[in-house]
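Accompanying notes for the structure given below.
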There are 2 protein chains.
Amino acid sequence: MKARILASARRLFGENGFSDTTTRMIARDVSIDVSTLHYHWGEKQDLYEGVIGAVHAEIMERFQEVERRCRDVDLARRLEIAIDIMCDYLFEHPEVANLILFGYFRKADHTAVLDINISQYITNIAVAMELAPTPETVSVRDRARILAVWHSVLNFIAGRNYFRPMLDVAPVPYVRVVKETLKFILVPAFTAETQASRKS
Amino acid sequence: MKARILASARRLFGENGFSDTTTRMIARDVSIDVSTLHYHWGEKQDLYEGVIGAVHAEIMERFQEVERRCRDVDLARRLEIAIDIMCDYLFEHPEVANLILFGYFRKADHTAVLDINISQYITNIAVAMELAPTPETVSVRDRARILAVWHSVLNFIAGRNYFRPMLDVAPVPYVRVVKETLKFILVPAFTAETQASRKS
DNA sequence: AACGATGTCCATCATATGATGGAAACAATC
DNA sequence: GATTGTTTCCATCATATGATGGACATCGTT
């Protein structure tokens, strides 16, 4: 039951955000009483943290997958692999994109465990892309650049119901358009610079 | 008074979103009673629409400025001008970035006037960049690409308190990092393709 | 000064929401 | 079958919030 509540909370928090999701909505979605929810998860905030924690763990798994599949591959291909994996994951779990973006806006204490640690994600990607040898040596520029792309992925997916009609494409092609767009923007930028620095 | 309420509402809605901003918060910010607020603006939703309307008008003005300053300038420079103008404007009015992003998530009727019409913005930029001769002829690809950059701008600014410490830069350099990052990503991507197509 | 229009505040209402206590159902162990 | 621990539900509370009605104030016009 605790797990069923978590799953429902994850979906609803993702759809409506923290404030616009009531404990009663979640309870009704699972067909239980509100007090049962509180029995298992304590207060609303605790349930929310449970959701964030689970999502965080999932994302870290995906990054490890990126790292595994990027070994002995050149930069352009590494970027493509990273985009493909993250897009596939997020399109399959679109509530994750929403949850992360909602997190930006929460006026909570951003030092808490509650927060999804974006910095960690960014650094992980940078290292997986071999833009730097270790997490400590990732430059501000590279982090900012990865961040920009990470934003784009999240926004394309969190705002899919908004942007898809605007682009006038069906759901399946939309995935393709998003991937192509990201690759189009990202790959030339990074590979061009790397080639230039290698020439010297 | 009506204007003072609007200004306060704009700031607070931008900080907290629609649901987490109460009419009492706004009233207290302007040092008036809640009923005075309702007297001037009707229900909360109407006030919110007032804010969105004002912001929308402001943004359209900026796009016209972009268009003016982009005449008789080559593509790379046009892109830089657009990024500079929009970044300067949004860094000066960061609540605008928040309001637009909050709009993505609102579960409202997205056909209403309430919505900030992103599609219109995107098309306007594409035409100003001379990626297409008329608004009707802007391709899906170009719209998606502009959209991706537009996302990045908004996220960098809406999430500035989140990302700036993460990048470990001071407020002033942060603006520079954001602009540089956007240009780094955007300019090569678009100019490379244009050059390629012009070569043939 | 009288009057009406406009603006502002106080008191109040109805509702939604987070949360809890206690009773009842259920399950496991002896 | 009794006992104990766990889970679920019903009833209820305290509070926050959107919203309104009516009284008072302010100001310009006559």
Side-chain angles (χ1 to χ4, degrees), chain A residues 1-55 95 98-99 102-103 105-110 112-115, chain B residues 1-55 95 98-99 102-103 105-110 112-115:
Chain A
M1 175 54 68
K2 196 173 179 181
R4 280 177 57 202
I5 298 172
L6 187 73
S8 174
R10 173 172 167 158
R11 190 171 56 79
L12 291 171
F13 278 137
E15 279 178 18
N16 314 308
F18 182 79
S19 300
D20 287 343
T21 304
T22 69
T23 53
R24 281 172 171 82
M25 283 169 62
I26 301 170
R28 217 177 53 192
D29 191 61
V30 193
S31 303
I32 57 169
D33 189 87
V34 210
S35 51
T36 304
L37 183 149
H38 281 100
Y39 170 77
H40 285 288
W41 284 99
E43 57 185 49
K44 189 184 176 185
Q45 186 78 12
D46 297 333
L47 174 56
Y48 186 74
E49 291 183 25
V51 170
I52 297 296
V55 166
E95 79 281 1
N98 290 40
L99 284 165
F102 275 130
F105 299 118
R106 298 220 52 201
K107 301 268 288 184
D109 181 9
H110 283 314
V113 190
L114 176 73
D115 268 335
Chain B
M1 176 54 65
K2 196 173 178 181
R4 280 177 58 203
I5 297 172
L6 186 73
S8 174
R10 174 171 166 158
R11 190 171 56 79
L12 291 171
F13 279 137
E15 280 177 19
N16 314 308
F18 182 79
S19 300
D20 286 344
T21 304
T22 68
T23 52
R24 281 172 170 81
M25 284 169 62
I26 300 170
R28 217 177 55 193
D29 190 60
V30 194
S31 303
I32 56 169
D33 189 87
V34 211
S35 50
T36 304
L37 183 149
H38 281 99
Y39 170 77
H40 286 287
W41 284 99
E43 58 183 49
K44 189 183 175 185
Q45 185 79 12
D46 297 334
L47 175 56
Y48 186 74
E49 291 182 25
V51 170
I52 297 297
V55 165
E95 79 280 1
N98 289 42
L99 285 165
F102 275 130
F105 298 118
R106 297 219 54 200
K107 300 271 284 185
D109 180 9
H110 283 315
V113 189
L114 177 75
D115 267 335

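A, B, ... follow the sequence lines: proteins, then strands. Residue 1 opens every chain.
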Output the rounded distance in Å from CD1 (B/Ile32) to C1' (C/dC9). 10 Å

Does a side-chain N or O of B/Thr36 approach OP1 or OP2 of C/dC9 to a distance below 4.0 Å, or not? yes

Provide a list of protein-nucleic acid N or O atom pairs under 3.5 angstrom, restricted to nucleotides 22-24 of chain D.
none

I want to check one thing: is the phosphate of D/dT8, taken as OP1 and OP2, less than 4.0 Å away from some side-chain N or O of A/Tyr39? no

Minimum-distance nucleotide to B/Met1 side chain [options: D/dA19, C/dT8, C/dG18]: C/dT8

Quick one: B/Phe18 CZ to D/dG18 C1', roughly how many Å, whole number? 10 Å

Taking atom P of C/dG18 as reference, at what distance in whole Å does atom CG of A/Leu47 sit? 11 Å

Rounded off to whole Å, could you give me the CH2-to-P distance for the B/Trp41 and C/dT6 pair? 18 Å

Rounded to whole angstrom units, what separation is found between the CZ atom of A/Arg24 and the P atom of D/dT12? 14 Å

Just how far is it from atom CD1 of B/Ile26 to atom CZ of B/Arg11, taken to the nearest 0.5 Å? 10.0 Å

Could you walk me through whether A/Ile5 and A/Met1 pass the side-chain contact (heavy atoms from CB on, under 4.5 Å) check? CA-CA 6 Å; A/Ile5 298 172; A/Met1 175 54 68; 4.1 Å; yes

Hey, is the side chain of B/His40 poking within less than 4.0 Å of OP1 or OP2 on C/dT8, counting only N and O atoms? yes

Donor-acceptor pair, A/Arg4 side chain versus A/Val30 backbone, under 3.5 Å? yes

Answer yes or no: is there a donor N or O on one side and an acceptor on the other, between the side chain of B/Thr21 and the main chain of B/Leu12, under 3.5 Å? yes

A/Phe13-A/Tyr48 aromatic ring centre distance below 6.0 Å: yes

Rounded to the nearest Å, what distance is computed from the CG atom of residue B/Asp33 to the C1' atom of nucleotide C/dT12? 12 Å

Can you check side-chain contact (heavy atoms from CB on, under 4.5 Å) on A/Arg24 and A/Arg28, steps first, answer last? CA-CA 6 Å; A/Arg24 281 172 171 82; A/Arg28 217 177 53 192; over 6 Å; no

Looking only at heavy atoms, the pair that brings B/Trp41 and B/Lys2 closest together is NE1-O, 3.2 Å

Looking for any heavy atom pair under 4.0 Å, which part of the strands does A/Ser19 touch: base, sugar-phosphate only, or nothing? nothing

Check the distance between C/dG18's P and A/Leu12's CG and give it to me in whole angstrom. 12 Å

Report the distance from atom CG of B/Leu37 to atom P of D/dA19, rounded to the nearest whole Å. 10 Å

